2 protein chains.
Amino acid sequence: MSASLPPFPKAEQPVDQPELLQLGVAEEEPCLRADAARNRARLLEAAARLVAEHGAAGVTMEAVAAAASVGKGTVFRRFGDRTGLLMALLDHSEKKFQGALLSGPAPLGPGAPPVERLRAFGRAALRRSADELDLQLAAENSPERRFSNAPRRFLRGHVTLLLRQALPDADCELLAQVLLGYLDPAAIHYLTRQCGMPVERLEAGWDDLVARVTRTESPC
Amino acid sequence: MSASLPPFPKAEQPVDQPELLQLGVAEEEPCLRADAARNRARLLEAAARLVAEHGAAGVTMEAVAAAASVGKGTVFRRFGDRTGLLMALLDHSEKKFQGALLSGPAPLGPGAPPVERLRAFGRAALRRSADELDLQLAAENSPERRFSNAPRRFLRGHVTLLLRQALPDADCELLAQVLLGYLDPAAIHYLTRQCGMPVERLEAGWDDLVARVTRTESPC
DNA sequence: AATGAAACTGGACCACGGTCCGGTTAGGGT
DNA sequence: ACCCTAACCGGACCGTGGTCCAGTTTCATT
């Protein structure tokens with residue numbers, strides 16, 4: 001909420017750059033002083049240990065700071081807020097996923113027809129959420145930023161692109177929003193854990209949804 | 001987190017009763033002592049005033065309690081938590097909406113073909129979110145309970161029913177989840193406020209989505 | 001090596017959501 | 001009219017996310 005804070009990178013400014021990172025995997029930290037980098041590594045390690053021991057709910061900012069023998073302010077300086085820390089924890093898996101989409105083997109990566117890539121995308125995302133579900137849930141942003149973080153923007157761009165190949169005349173941004181909504185971690189948690197649906201049903205539902213959305217109207 | 005709490009209704013237990021409220025609008029408070037009812041009314045009035053004055057973000061539990069000349073514990077006893085208070089604030093509009101769906105004029109109410117009712121439903125929901133957006137955003141539950149509150153369950157049942165009339169052989173629960181995801185207040189906020197999409201585009205997108213989802217495959 | 005400033009550190013501090021429990025009150029039974 | 005008990009009240013208390021700033025450290029430059 002403060003105005004000018006030159007020496008405070010805030011770890012994720014809401015700059016909405018016009019899709020020039022379309023092919024770059026994501027932005028990197030500009031640089032880091034030696035001690036800062038060391039503390040960052042210790043914090044991530046401590047946070048991962050806390051997740052393993054007490055679940056994602058046990059990742060308290062104070063606890064992480066204490067476990068890393070570091071002041072609380074340092075955690076906030078490095079990661080901005082709790083969500084930033086949790087997202088940093090998911091960053092490795094996220095980067096791997098992005099890499100598979102951009103340059104992995106088909107049908108997830110390039111080389112397959114777009115609809116088939118979409119189907120593979122959903123299955124991969126569902127499987128990824130099967131592990132990491134509690135972490136992804138805990139990292140869920142506040143309602144205002146649930147859609148405007150870097151990983152989400154990347155997935156949105158990817159799905160939009162695939163949709164545009166299959167449906168050149170549709171509003172692919174909105175359709176991408178719909179498809180990604182189906183893969184929302186909170187939704188997956190609700191359907192599988194609270195409603196008891198098996199993952200197979202979610203996968204079948206995804207294929208069905210993709211088929212319905214990309215079906216071109218009555219090609220008689 | 002406590003175990004047994006007889007004298008503490010908690011305002012919304014997570015009981016997931018098997019759809020026997022399908023036609024009842026919602027459950028009512030069991031009864032209320034005279035002073036409790038008076039305090040409840042004063043709290044709601046105070047909360048509404050705070051929303052009008054300082055926006056939904058200004059609705060602090062302490063502020064509401066103070067504005068109603070009531071102890072903080074009373075607010076939590078009555079409404080369970082902050083989300084409960086905000087949902088109570090939205091309750092009137094919610095009930096009206098549910099009434100329109102159940103027994104209002106077509107095409108929103110009964111009497112129109114299901115696909116047309118679905119289209120009307122989306123437009124109505126979008127318009128309802130246009131007002132009240134900040135309140136609906138602030139009332140958004142924690143990720144775990146975003147889908148398991150009474151209003152949401154009602155809408156889910158309604159949409160599922162309409163879908164089943166149009167698509168007897170599809171997985172209508174999952175499709176209903178998809179459609180409701182499109183109408184999520186956070187999504188609407190993101191698309192209209194942050195992406196700057198006009199509401200007309202969202203409405204067109206809804207019609208398109210309903211058409212795609214309910215299109216029966218190649219009726220040649 | 002000395003130096004100066006940018007960048008980082010840590011812990012005191014604050015606000016808010018949520019819990020607890022001793023004291024109070026409503027209102028039905030007698 | 002009285003009493004008894006369940007329900008309710010209020011505010012002290014706690015944990016957590018997040019801010020702030022005085023002091024310290026790094027490192028590029030000389």
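So you know, we letter chains A, B, ... as the sequences are listed, proteins then strands, and number each from 1. Note that the structure is predicted; figures quoted are calculated from it, not measured.
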Exam field: side chain B/Y182 to backbone A/G181, donor-acceptor pair closer than 3.5 Å: no
Considering only side-chain heavy atoms of B/R33, which listed nucleotide, C/dG27, D/dG10, C/dT9, is closest? C/dG27
Indicate yes or no for a side-chain donor-acceptor contact from B/T74 to the backbone of B/V70 under 3.5 Å, with no hydrogens or angles considered. no
Which atoms form the tightest heavy-atom contact between A/P143 and B/L137, and what is the distance? CB-CD2, 3.8 Å
According to a strict under-4.0 Å criterion, is A/T74 in side-chain N/O contact with OP1 or OP2 of C/dC8? no
B/R42 CZ to D/dC9 C1', straight-line distance once rounded to whole Å: 12 Å
Between the protein and nucleotides 13-17 of chain C, which nitrogen or oxygen pairs are less than 3.5 angstrom apart?
from: C/dG17; atom 1: OP2; to: B/M61; atom 2: N; distance (Å): 3.0
from: C/dG17; atom 1: N7; to: B/K72; atom 2: NZ; distance (Å): 3.3
from: C/dG17; atom 1: O6; to: B/K72; atom 2: NZ; distance (Å): 3.4

How long is the line joining CG of A/L85 and C1' of D/dT16, in whole Å? 14 Å
Position toward the 5' end of DNA chain C (nearest nucleotide), B/A34 or A/S69: A/S69
I need the CZ-C1' distance between A/R77 and D/dT25, as an integer number of Å. 13 Å
Interatomic distance where CG belongs to A/L50 and P belongs to D/dT16 [whole Å]: 12 Å
Rounding to a whole Å, what distance do you find between A/F79:CZ and C/dT9:P? 11 Å
For the pair made of CG in B/N39 and P in C/dT24, what is the distance, rounded to whole Å? 17 Å
If only atom types and distance count, is the side chain of A/R78 paired as donor or acceptor with the main-chain N or O of A/R40 below 3.5 Å? no
Indicate yes or no: does A/D208 engage A/R201 in a salt bridge with an N to O separation below 4.0 Å. no
Is it true that A/E140 and A/R145 have a side-chain N and a carboxylate O under 4.0 angstrom from each other? no
Length of the line joining A/D35:CG and D/dT26:P, which is rounded to integer Å: 5 Å
